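In what follows, every heavy atom counts, from backbone to side chain, and hydrogens, waters and symmetry copies are set aside. These figures come from a predicted structure and were not determined experimentally.
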Amino acid sequence: MNSQAPHGTEAATGTGTATAPGPKLEGPRALLLDAGVPIASYYLLTGVFGLSTLAALAWSSALPAARSLWSLARERRFNAVATLMTATNVIGLLLSLLAGDERLMMAKDSAVSSTFGLAVLVSALIGRPLMAPVLKPWITKGDAARSAAWDRLTAESAWFRRVQRRHSAVWGAALLGECVARVIGAFTLPVDTMVWLGTVMLMAAIALAIVASGVIGIDRMEKMVRTEAAAQAAAGTGAASGAAAFAPADAPAPEVSADPAGTAAR
C-alpha cells in the first residue's frame, strides 16, 4: 500500500470520511475561470470588439493573474492553471511586440494551448497529474462518499494512479498536437482559411482528448469509485449493528441500586 497520496487529492480521516471541501473552487468551475474565460475573452475582444492583439492579451490576463495572486495571498497555495495562463499571455504580449507578419501573429495564438499542454504532459510524466483535480468532480459527482473513495483508491491503487497520469498525458498530447497543426497551417494555408480553421483545430483537439480519455479507462475508474463507496457504506452499517448482533439474547439487565447517590452501603 502506498501511503502517499499524489497531487490533487485530499486527506481522508481515520474513519474514511472525506474532509470538508475548502473555500476554493474545484474542478470544472476552476478550470472555466482559470483557462476557459481568458481564452474566450481573448477571442471575443479581438473578433467582436476589434481590440488589438496586445490589448486583448492584456485584458484577458487580468482574471488569471488576479486568481494567482489571490491563491498565494489568501489560500497559501499555488494555482498552477491560472499561473500558466498568465505566463502564456505574457509570452503572447512579448511576441506581439516582435511580430510584424500576420502569419506569425496567427501562429502566436498556439502559445496558449502549447504552454498549457506541455505543462500537463510534464505533470503526467513526473507523477503529479495536473488534470486529476479537474477529473475528480466529474467522477465523484460531488458526493462525499465517492470523494473519499477517490482518495482511498488514489492512495492504494497503482492502476487508478496510472489512469490519472494517462488522462493528463492524453490532454497534454492533444493540445500540443493542436499547436503543431496550427503553426504548420499558419505558414502553409491561406490567411483567410486559418482565421476560422484555428478554432476548429482547437475544438477537434478537445473532442479527441475527451474520446481518448474514455478509452484509457475513465469509465472503469467511475465504476471503481462507486463500488468502493458502496463497500465502505456497507462496512459502516455492519459495524454499527455488530455490537447488538453479538449481545446474548438472555443477558440479564444491569441491576440498579436503590440507595440514593452518594450514600455508603450499610
Asks: Report yes or no: do Met203 and Leu208 belong to one cluster of Ile/Leu/Val/Met/Phe/Trp/Tyr joined by side chain heavy-atom distances under 4.5 Å?
Replies: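 No.
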Asks: Please enumerate all residues that pass side-chain hydrogen bond (donor to acceptor under 3.5 Å, both in side chains) together with Ser123, with sequence neighbours excluded.
Replies: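 Result, side-chain hydrogen bond (donor to acceptor under 3.5 Å, both in side chains) vs Ser123: none returned.
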Asks: Are Trp150 and Leu135 side-chain neighbours, meaning at least one heavy-atom pair lies under 4.5 Å?
Replies: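 Side-chain contact under 4.5 Å: yes.
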Asks: Side chains of Trp171 and Ile210, heavy atoms from C-beta outward: is any pair under 4.5 Å?
Replies: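 Yes, at least one pair of side-chain atoms sits under 4.5 Å.
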Asks: Is a side-chain N or O of Ser168 found less than 3.5 angstrom from the main chain of Met131, in a donor-acceptor match?
Replies: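 Yes, because the side chain of Ser168 sits within donor-acceptor range (under 3.5 Å) of the backbone of Met131.
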Asks: side-chain contact (heavy atoms from CB on, under 4.5 Å) between His167 and Val120: does it pass, once the steps are laid out?
Replies: CA-CA 10 Å; His167 176 260; Val120 171; over 6 Å; no
Asks: Answer whether the closest heavy-atom distance between the side chains of Trp59 and Ser41 falls below 4.5 Å.
Replies: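 The answer is no; the side chains never approach within 4.5 Å.
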Asks: Please tabulate, one pair per line, all N/O donor-acceptor pairs under 3.5 Å involving side-chain atoms of residues 215-228, not counting sequence neighbours.
Replies:
{"unit_1": "Glu222", "atom_1": "OE2", "unit_2": "Lys141", "atom_2": "NZ", "d": "2.7"}
{"unit_1": "Thr227", "atom_1": "OG1", "unit_2": "Lys223", "atom_2": "O", "d": "2.9"}
{"unit_1": "Glu228", "atom_1": "OE2", "unit_2": "Arg152", "atom_2": "NE", "d": "3.0"}

Asks: Return the CZ to CZ distance between Arg165 and Phe160, rounded to the nearest 0.5 Å.
Replies: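 If we round to the nearest 0.5 Å, Arg165:CZ and Phe160:CZ are 12.5 Å apart.
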Asks: Measure across Pro129 and Gln164 and return the closest heavy-atom pair with its distance rounded to 0.1 Å.
Replies: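 Heavy atoms of Pro129 and Gln164 come nearest at CB-O, 3.6 Å.
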Asks: Do the side chains of Val134 and Ile206 join up, straight or via other hydrophobic residues, at under 4.5 Å, putting them in one cluster?
Replies: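 Yes; Ile206 is reachable from Val134 via cluster members.
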Asks: Transitive ILVMFWY cluster of Val180 at side-chain heavy atoms under 4.5 Å: who else is in it?
Replies: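 Members besides Val180, by chain and number: Ile184.
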Asks: What pairs with Ala229 under side chain to side chain contact (heavy atoms under 4.5 Å, CB included), at least two apart in sequence or on another chain?
Replies: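 In terms of side chain to side chain contact (heavy atoms under 4.5 Å, CB included), with neighbours along the sequence ignored, Ala229 is linked to Ala145, Arg146, Ala149.
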Asks: If you compare all heavy atoms of Ala169 against all heavy atoms of Ala124, which two are closest, and at what distance to 0.1 Å?
Replies: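 What the structure gives for the nearest pair is N-CB, 3.7 Å.
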Asks: Please name all residues satisfying side chain to side chain contact (heavy atoms under 4.5 Å, CB included) with Ala212, sequence neighbours left out, ordered by chain then number.
Replies: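 Checked Ala212 against side chain to side chain contact (heavy atoms under 4.5 Å, CB included); matches are Val170.
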Asks: Suppose we screen for side chain to side chain contact (heavy atoms under 4.5 Å, CB included). Which residues come up paired with Ala181, at least two apart in sequence or across chains?
Replies: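 Expected list: Met201.
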